[in-house]
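Quick notes on the structure that follows.
When a residue number appears, it is its place in the shown sequence, counting from 1. These numbers come from a predicted model, not from an experiment.
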Amino acid sequence: MARRLRSVDLDFVRAAPLRLVFAAEVSAPAEAVYRALAEDVEGWPGWFTAVTSARPTTAGAGREIRLRGGTLFQETVLSTEPGERYAYRVDETNAPAVQALLEEWRLSPTRTGTRVQWTFATDGPAPFRFAVRLVRPALGRSFRNAVRRLGTRLAGASA
C-alpha cells in the first residue's frame, strides 16, 4: 500500500539529512541527455535497469516509476531546465521507512559530452538512513551503469 511522504521543495537537495551525490560523464550533448531524462520518461527502462516501468502523469507534471522488486513511486516534477536540470520528489511510495525523497539530475557540458550529476536526497528514521548509507556503493554502480547505457543508447540514436 502506498504511503504519502513529506512534501519537500528544491531546497531539500541541499538541506536533506542524507544526500548521496554521484557523477559520471556521457559522450552526448546535454540537450540529448535532458530529453532522455525529462521528455522520454517511458524510455527509462531501456537504459536504467533498476526501472521496470516509467510513465508521465498529470500531463508531464508527474511520473509513476516502478523499480525491480516492486517498489512504486508517484512523483511530482519540480524542475525542468532543458540541458541543465531535471528534479522530482516522491509523493507516494510503498517503500518502507522513507519519509521524504527528492532526486535531482544536473547536466554540465564538457569537452567530450556531458557531466551527469545525480543527487539522491532523503530523510527517514536513523535505521533507514543507516541502511541507505550501506547501499551507497550499489546505488553508485547502478547510476554509473545507467549513464553508460544511456550514452550507448544516445550514440545509437544519432548514428
Inset, instruction - Not counting sequence neighbours, which residues clear ring pair (Phe, Tyr, Trp, His ring centres under 6.0 Å) with Trp44? List them please. - result: Trp47, Trp105
Legend entry - Residues in ring pair (Phe, Tyr, Trp, His ring centres under 6.0 Å) contact with Tyr86, at least two apart in sequence or another chain: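 Applying ring pair (Phe, Tyr, Trp, His ring centres under 6.0 Å) to Tyr86 gives Tyr88.
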Legend entry - All side chain to side chain contact (heavy atoms under 4.5 Å, CB included) counterparts of Arg4, not counting sequence neighbours: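 Side chain to side chain contact (heavy atoms under 4.5 Å, CB included) check on Arg4 returns Asp91, Glu92.
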Inset, instruction - Report the residues that fulfil side chain to side chain contact (heavy atoms under 4.5 Å, CB included) with Pro109, sequence neighbours left out, ordered by chain and then residue number. - result: none
Legend entry - Rounded distance (nearest 0.5 Å) linking atom OG1 of Thr58 with atom CD of Glu64: 11.0 Å
Legend entry - Gap between atom CD of Gln117 and atom CZ of Arg106 - 0.5 Å precision: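 Reported value, rounded in 0.5 Å steps: 8.0 Å.
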Inset, instruction - Take Arg55 and Glu42 through the salt bridge (charged side-chain N to carboxylate O under 4.0 Å, His left out) test and state the conclusion after the steps. - result: CA-CA 5 Å; Arg55 68 178 186 86; Glu42 295 97 340; over 6 Å; no
Inset, instruction - Start with the C-alpha distance between Leu101 and Thr93, add both sets of side-chain angles, then the distance that settles side-chain contact (heavy atoms from CB on, under 4.5 Å), and finish with yes or no. - result: CA-CA 10 Å; Leu101 176 58; Thr93 185; over 6 Å; no
Salt bridge (Lys or Arg N to Asp or Glu O under 4.0 Å) with [X]: which residues, sequence neighbours excluded?
{"X": "Arg14", "value": "Asp11"}
{"X": "Glu25", "value": "none"}
{"X": "Arg19", "value": "none"}
{"X": "Asp9", "value": "none"}

How far apart are the closest heavy atoms of [X] and [Y], and which atoms are they?
{"X": "Pro96", "Y": "Arg3", "result": "C-NH2, 3.8 Å"}
{"X": "Pro125", "Y": "Ala97", "result": "CD-O, 3.2 Å"}
{"X": "Asp40", "Y": "Arg153", "result": "OD2-NH2, 3.8 Å"}
{"X": "Arg144", "Y": "Ala24", "result": "CG-CB, 4.4 Å"}
{"X": "Ala30", "Y": "Gly83", "result": "CB-O, 3.4 Å"}

Show me the side-chain donor-acceptor pairs of residues 133-140 shorter than 3.5 Å, one per line, residues at least two apart or across chains.
none

Can you get from [X] to [Y] by hopping between Ile, Leu, Val, Met, Phe, Trp and Tyr side chains that sit under 4.5 Å apart?
{"X": "Ile65", "Y": "Val8", "answer": "no"}
{"X": "Leu102", "Y": "Leu20", "answer": "no"}
{"X": "Leu37", "Y": "Phe48", "answer": "yes"}
{"X": "Val77", "Y": "Val41", "answer": "yes"}

Can you tell me if [X] uses its side chain to pair, donor with acceptor, with the backbone of [Y] under 3.5 Å?
{"X": "Thr152", "Y": "Arg148", "value": "yes"}
{"X": "Thr114", "Y": "Val116", "value": "no"}
{"X": "Thr52", "Y": "Arg66", "value": "yes"}
{"X": "Thr122", "Y": "Ala100", "value": "yes"}

Can you find a heavy atom in the side chain of [X] that is under 4.5 Å from one in the side chain of [Y]?
{"X": "Arg129", "Y": "Pro17", "value": "yes"}
{"X": "Asp123", "Y": "Phe128", "value": "no"}
{"X": "Ser7", "Y": "Arg89", "value": "yes"}
{"X": "Phe73", "Y": "Leu67", "value": "yes"}
{"X": "Thr49", "Y": "Arg149", "value": "yes"}
{"X": "Val98", "Y": "Val90", "value": "no"}
{"X": "Leu10", "Y": "Ser79", "value": "yes"}
{"X": "Arg85", "Y": "Glu104", "value": "yes"}

Legend entry - Apart from Leu72 itself, residues in the same hydrophobic cluster as defined by side-chain heavy atoms under 4.5 Å: none
Legend entry - Other ILVMFWY residues reachable from Val21 by side-chain steps of under 4.5 Å: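 Taking Ile, Leu, Val, Met, Phe, Trp and Tyr as members, Val21 stands alone, with no cluster partners.
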Inset, instruction - Scan Thr112, Val147, Leu107 and name whichever one has a side-chain contact (heavy atoms from CB on, under 4.5 Å) with Val26. - result: Val147
Legend entry - Qualifying ring-ring contact (aromatic ring centres under 6.0 Å, His included) pairs with a residue from residues 10-38, counting only residues at least two apart or across chains: Phe22-Trp118
